[in-house]
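Only one structure is covered here, and it is reproduced in the block below.
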Amino acid sequence: MPFLSVCATAICLLTLHHAHASVGVLDINNLLEPNLDSKLLTHHEEQRPYAPWSHKPHCTTSTRLPTLGQKYCVYTSNTTGPHGLSLIFPPSSAHLATEYLDDNPLDSFLTQAEAENLFLGDGPPWTIVDIPGKDKGVVATRKIKQYETFMVDQAAVVVDMEAEKALSQKENQNLLKVAVDRLLVPEMIRDMSGKHEGHKHKTAGEKEGFAGADDREEEDEEEGKLEEDVMKTNAFGGTVAEVNSRVLYPLISRINHACAPNSFVLFSRAGVSMAIKAYRDIAPGEEITISYLLLGIPFAKRQHLIHRWGFTCTCDLCSLPERQREASDLRRTMIAQAEEKMIELAEAGEFDDAVALAEEAVEMIREEGIYPTLTDSYAMLAMLYREKGDRAKSEEYGRKTQQLLGDLGFLGVGEERQAWSLEKMMGNIEESGGIGSKWTKGPAKA
Ligand SMILES: *[C@@H]1O[C@H](CO)[C@@H](O)[C@H](O)[C@H]1NC(C)=O
């Protein structure tokens, strides 16, 4: 199950470990929850026996080993985010998740000026339209600038991956059905299923003839098969409240896939919120695309992985003439293997060769247009030059790492981003470099 992330390697992830706390800049929650009447809310607060949940948890107990007796319940907070939020979690995880219910995208991804720009004035710079040859898609309604954060959303359904193993398919479907029913607009979620539309056509067409078929279809809907289908074709792997989960962010699923996308997804640390940012300038009328897969994957693997969303990859990169496709695959494979080779070289004290390889990797990454991967190479070069004793070069690459991570949104927004000094970045690179200790083969640093 793919994670949407710009960070492909351990270094990058570790470099970011301390990043991305939230910064509270403004309180315009209501703009995200236009239906929320504050008087109503107070009224509800008074009579919410399951607070912070809005509904009584609906539970099923596992009868399978090794999870025998473990409860999985639907926990819904219908005042969280624009869709409401339903978690299918064990009680202990749900308890931990309560502190993330106020994980608002406005806190993680936008400065006050950006938020105002996005929600006030002309509103968001995108719209959902029918795309010929595809179901629906999202297109830009004005120019979107490189690295602009132009769409935010929050999770609607989160399912602990363990629940799939601990419960039967039918039990999972039942929980999903309850989870979706309790959201603010369940129909919007069910509409994401291709089967749902098929269902509508079929029942309309078959009304006169086969009542039997009709009943079966309706039964499907009652049992939560549609909801299961929606999760299968639209949810992403992610970590919410530290639980490895399948997560449905309704807006993401409106954006189509491309292997060379113009935009990317950023998750908040708690995993409940997400934002879409532009990799490059996007022209008005251009379709917004993201990669459902990690960037940099070769053709055959792309085709294989993309299948779980029920389509074949036909984007430009997948449609290249065979020779060019092979050249692209070769570069991708070399990029993927470069890090390990660099570490081997560095361990052998061959720093010049390691640097040459890292610089080659930077070149190939540019050719493939998978720029976020550059953060890894830059961090690697900063470390390698430090080992070589070239302080100026090391800092140059430290600065490049910081600049790109910042542009990509990984260092937070506003003051938080400003707080990332070069020293802090270099310290982090060094620390995360556990790599340094690998090179010297000495005892691991404390
Ligand atoms: C949220 O759930 C409560 C409790 O079931 C319900 O009374 C309320 O109408 C729901 N709110 C919305 C906006 O659907």
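In each ligand, atom 1 is the first atom listed, and ligand 1 is the first ligand listed.
- Judged as a side-chain hydrogen bond (donor to acceptor under 3.5 Å, both in side chains), and not counting sequence neighbours, the contacts of Arg280 are Glu286.
- The salt bridge (Lys or Arg N to Asp or Glu O under 4.0 Å) test applied to Lys71 returns no partner, not counting sequence neighbours.
- Classification of the Tyr279-Phe264 ring pair by plane angle, with boundaries at 30° and 60°, yields parallel.
- With atom 2 (O) of ligand 1 as the reference point, the heavy atom nearest to it among Thr76, Asn78, Val185 is part of Asn78.
- Interface of Leu184 with ligand 1, defined as ligand atoms under 4.0 Å from a residue heavy atom, comprises 12 (C), 13 (C), 14 (O).
- Contacts with ligand 1 closer than 4.0 Å are made by side-chain heavy atoms of His55 only, the backbone lying farther away.
- Residue Ser54 approaches ligand 1 through these ligand atoms, each under 4.0 Å from one of its heavy atoms: 2 (O), 4 (C), 5 (O).
- By the SG-distance test at 2.5 Å, a disulfide connects Cys73 to Cys59.
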